[in-house]
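Below is one structure, written out as structure tokens; comments come after it.
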Amino acid sequence: MNILENLNENQSKAVLATDGPLLILAGAGSGKTRVITHRIAYLIREKGVPPFAIMAVTFTNKAAGEMRSRIIDLIGPLGEQVFMKTFHSASVYILRRYGNIIGVPSGFTIYDQRDQEMLIKDILIEKNLDPKKIRPAMIASKISEVKDRAEILEGGDVNSLLPDYYSFSLSDIYEQYQLRLTASNALDFNDLLIKTVELLRKSPETLAALQKKWRYFMIDEYQDTNYSQYLICKYLASASRNLCVVGDDDQSIYSWRGADVRNILNFEKDYSDARVITLGDNYRSTIQILAVASSIIQMNKFRKEKMLNAFRGEGEPAVWCQANNEYGEAEYVVNTLISLKHREALKNDDFAIFYRTNAQSRIFEEHLRRENIPYRVVGGLRFYDRKEIRDILAYLRFITNPSDTISLSRIINTPARGIGAVTVEKIKDQAYQEQTSEWGIIRRGQQGNKKTSAGIRTFADIITRSMEMAPRVPTDMKLAEFVQEVIELSGYTASLKNDNSLESRSRLENLDEFINSIFEYQEFNPDATVDQFIQEISLLTTTEQPEPEDLPLETVTLMTVHNAKGLEFPVVFLTGLEEGLFPHVNSSDSEEGIEEERRLCYVGITRAQDRVYLTNAHQRRVYGNTQDKLPSCFLNEIPPELLKTTTHGPQENSISYNAAPTWGRSSSHDKSATREHAPSLKPAVSDSQYSVNQRIMHPRYGTGKIVEIQGKGDNVKLTIRFSSGGSKSFLEKHTPLERI
DNA sequence: CTCACGCTCTTTTTT
DNA sequence: AGAGCGTGAG
């Protein structure tokens, strides 16, 4: 078999450029995955590189899995041995083996966003701050934001990056947060990367060992790497210099997560001898689709100018449908899907519905269910985020890491065994007084009244027995068997069975599903210990969780545009294209924010192979009340001749929503699209009770000045610049301000 | 201590 | 509209 077969000239070049730094600028649909997999195959087959000497980093575990199986298709089971992971799971791999050198014991627990929020809530209460006024989620995102910054890794003063707020000091909370993480033997997602960088810096022996192990590096989606990820690449590849990065600055959509597009833009500066290969031939989408996509992305000022060459036929024009409301939108999408399916003999698999926010999925689900069309929602609530699964995971976490106080507080009275808040507080105090762990106090028993102390004894017993069992996995006990045992022991199943409600039955089913997924896991990871298992599933995303066994093979796919990256579908519905939703309000303050939303829109459209439908609704319920919505500015950026326009649902009562007044066109399908009034592009003069330059006091952020007022009615948005430095936008309706 | 009801606040995107 | 949380009765 010839590995270069079916590759174009530049693709072949990229496969053959095996040694030294290489930058592959891969436009949407240009066969990027193909190049990566073939390049790996070539390294192994033709250059004799052992598969385990290749480290390939992808964006999600699912992408890693798919890439692995494509390599196996190319070169057989040898492909199994390629080290293919995400940055986060690669970091876990490294830290498990070498972390103890910098004081990270191998059994660490990984705290996800919800664990972080619980921990922060704890800290706020300790500091006599009200978690209702100061949202833990907001603090968590600030902390995460600061941890993504380069300064934190370059010895900068972290505290100076954390503002003091009106009523509290963020750096105080940050400090406490880090202390508590360390005390709990836990790392958050940012720490996984930061600690890995620290390890590679502080332990030359470790770095040397890893450089000996891996000699070829391939990093996918390089435009979405943050500073720590950039450093990890840099250090690991500094000996072999065989670093190949692949990406597209037009598809950079994670800057809010610390991704820095400069990593890819500056690659040639970092590696002066780098080869650069551009993949600009698009084999995925029709000319019509690419024309729409490129008309939008061209509006971005901050981008490397480039064009995709279309290699497929003309295709069908993109369709823009304006619906009366979100129900009309869903109805239009589902109706179109059904008729297309029959007319073109398509399968459910061929369709994808994209939206900006997870909350939008519900209405599409309802309409699809009504029509008996099987679908799958990618993203949203992770399987492992369900209460019952989190509870059991907390048991497992606590058993392997009794310092994990967040898990302890979750399970000590779950299921209810008579240990209330007062008792928990007592245990905490006593542990503090005796300078021992909370588990140390619990283990000893004797606390409170009869009922309470019985509860504590029960709990201590469950944990002790489980702790004795855990080390037997995997040698003389199977992982699934162990977890099953813990679930029984905890009394969780008994209490659910006792309840016998619809809800508890579904929880039991989920627990069964969980056990099933562990059976599957242990099949592929026969050597995995309990803590390894927990660490790995902490990093799993929605895209690779157990799916219900009765899920039909062919389903329509629903997901956010972010989740759609890297995928392709014959027919794509890109929905909710409205001002404030897509582009999202929270990104609309800055030019950079809008540009990222525009890239997101570009990513959405370029997923489509044959057909793309763009939809917006004139009215949409937000927080339970109806709002008028203008079509997204992105729709304005598409030349009208590229779009076939239509409407759905009654239009009579609505004011004019045509975002592009000068175009004045309507399609043959357009039943009631005639507009009498000249539409206004900007909402009417605001009816805010405030005025620009008004000085105000915000309960959370302190004093500030109103710098901008937009929208009207319930949609009035106030942009406020605070004395503390930052500025922020609020919906007037939801924001109690005091004039000063 | 537990459970039920009603009030509040929410929604950006995810490893 | 829905989830999470606090309040108050048992």
Side-chain angles (χ1 to χ4, degrees), chain A residues 57-64 85-92 110-114 117 121 130-133 135-138 140-141 144 147-148 187-193 221 224-226 228-229 252-259 326 354-363 366 378-382 385 387 413 415-424 448-452 454-455 499 538-544 559-565 576 580-588 593 596-597 599-601 603-604 620-627 731 733-736:
Chain A
V57 179
T58 59
F59 203 65
T60 63
N61 289 293
K62 188 185 182 199
K85 288 183 183 291
T86 64
F87 275 107
H88 289 85
S89 51
S91 296
V92 168
I110 300 167
Y111 276 5
D112 68 11
Q113 195 164 338
R114 288 173 72 166
E117 284 173 24
K121 193 176 161 193
D130 184 356
K132 271 173 126 180
K133 296 219 176 82
R135 282 176 45 227
M138 173 274 218
S141 81
S144 175
K147 285 185 169 189
D148 279 332
L187 301 179
D188 64 20
F189 278 20
N190 304 294
D191 284 346
L192 291 173
L193 304 173
E221 309 282 10
D224 283 325
T225 50
N226 67 18
S228 356
Q229 293 166 333
S252 152
I253 54 174
Y254 283 101
S255 73
W256 52 273
R257 212 169 72 182
E326 72 267 42
F354 298 157
Y355 34 79
R356 179 64 178 81
T357 67
N358 284 304
Q360 289 164 254
S361 76
R362 217 192 75 243
I363 296 158
E366 278 169 15
V378 177
L381 188 68
R382 287 163 62 211
D385 280 340
K387 185 187 177 302
N413 198 34
R417 48 175 78 91
I419 308 171
V422 180
T423 313
V424 171
N449 60 31
K450 247 189 204 159
K451 198 173 145 205
T452 308
D499 192 36
S538 306
L539 296 177
L540 288 192
T541 60
T542 45
T543 44
E544 58 215 319
M559 62 181 132
T560 63
V561 195
H562 280 91
N563 268 322
K565 188 158 80 155
L581 184 61
F582 197 175
H584 198 273
V585 248
N586 298 2
S587 306
S588 303
E596 179 146 318
E597 294 285 312
R599 289 192 293 271
L600 193 57
C601 186
V603 167
R620 184 178 292 273
R621 277 175 100 103
V622 183
Y623 306 147
N625 51 42
T626 306
Q627 289 184 8
L731 278 183
K733 191 171 69 120
H734 293 307
T735 318

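First the proteins, then the strands, lettered A, B, ... as listed; each starts at 1. The figures that follow rest on heavy atoms only: side chains count, while hydrogens, waters and symmetry mates do not.
Rounded to whole Å, atom P of C:dC5 lies 10 Å from atom NZ of A:Lys132. Going from atom NE2 of A:His562 over to atom C1' of B:dT12 covers 8 Å, rounded to whole Å. At whole-Å resolution of the value, CZ in A:Arg417 and C1' in B:dC1 are 14 Å apart. In this structure, the CG atom of A:Asn586 is 10 Å from the P atom of B:dT13, given to the nearest Å. For A:Arg114 and C:dC5, the CZ to P distance is 9 Å, given to the nearest whole Å. Note: CD (A:Glu326) to C1' (B:dT11) measures 14 Å, nearest angstrom. Taking atom CZ on A:Arg135 and atom P on B:dT8, their separation rounds to 17 Å, with Å as the unit. The nearest whole Å value for the distance from the NZ atom in A:Lys121 to the C1' atom in B:dC9 is 14 Å.
Residue contacts shown for A:Ala359 include a base, since a base heavy atom lies under 4.0 Å away.
A distance cut-off of 5.5 Å between ring centres, combined with a plane angle under 30°, leaves A:Trp256 outside any stacking arrangement with the base of B:dT12.
If you find the closest nucleotide of DNA chain B to A:Ala137 and to A:Asn190, the one lying nearer the 5' end belongs to A:Ala137. Residue order along DNA chain B, read from the 5' end via each residue's closest nucleotide, puts A:Val424 first among A:Leu581 and A:Val424.
For the atom pair A:Asn358 CG and A:Asn563 CG, the distance stands at 7.5 Å (nearest 0.5 Å). Here A:Thr423 contributes atom OG1 and A:Asn413 contributes atom CG; the two are 8.5 Å apart, rounded to the nearest 0.5 Å.
Legend: residues meeting salt bridge (charged side-chain N to carboxylate O under 4.0 Å, His left out) with A:Lys121, ordered by chain and number and at least two apart, are absent. Under the rule for a side-chain contact (heavy atoms from CB on, under 4.5 Å), A:Ser141 has no partner lying at least two apart in sequence or in another chain. A:Asp148 pairs by the salt bridge (charged side-chain N to carboxylate O under 4.0 Å, His left out) definition with nothing, not counting sequence neighbours. Applying the ring pair (Phe, Tyr, Trp, His ring centres under 6.0 Å) test to A:Tyr254 and every residue at least two apart in sequence or in another chain returns A:Phe59, A:Trp256, A:His562.
When the P atom is used for both C:dG6 and B:dT11, the distance is 16 Å, rounded to whole Å. For the P atom pair drawn from B:dT13 and C:dG4, the interatomic distance equals 15 Å after rounding to whole Å.
Considering only the side chain of A:Asn563, B:dT14 comes nearest among B:dT11, B:dT14, B:dT15. Which of B:dT12, B:dT2, B:dT14 sits closest to the side chain of A:Thr357 comes down to B:dT12. When distances run from any side-chain atom of A:Val422 to the nucleotides B:dT14, B:dC1, B:dT11, the shortest one goes to B:dC1. In this structure, of B:dT14, B:dT12, B:dC1, it is B:dT12 that holds the atom nearest to the side chain of A:Arg356. For A:Asn358, whose side chain is taken as the heavy atoms from C-beta onward, the closest listed nucleotide among B:dT2, B:dT13, B:dT15 is B:dT13.
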* To do: Kindly indicate, with the supporting measurements, whether the criterion salt bridge (Lys or Arg N to Asp or Glu O under 4.0 Å) is fulfilled by A:Arg114 and A:Glu117.
  => CA-CA 5 Å; A:Arg114 288 173 72 166; A:Glu117 284 173 24; over 6 Å; no

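Looking at A:Tyr111 and A:Asp191, their side chains never come closer than 4.5 Å, going by heavy atoms from C-beta outward. Looking only at side-chain heavy atoms (C-beta outward), A:Phe582 and A:Val561 come within less than 4.5 Å of each other. Side-chain contact check for A:Gln229 versus A:Val57: every heavy-atom pair is 4.5 Å or farther apart.
Between A:Thr560 and B:dT14 there is a side-chain polar atom (N or O) within less than 4.0 angstrom of OP1 or OP2.
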Is there any protein nitrogen or oxygen under 3.5 Å from a nitrogen or oxygen in nucleotides 1-3 of chain C, and what are the pairs?
| from | atom 1 | to | atom 2 | distance (Å) |
| --- | --- | --- | --- | --- |
| C:dA1 | N6 | A:Tyr623 | O | 3.4 |

Distances for protein N or O near nucleotides 8-10 of chain C N or O, under 3.5 Å:
none

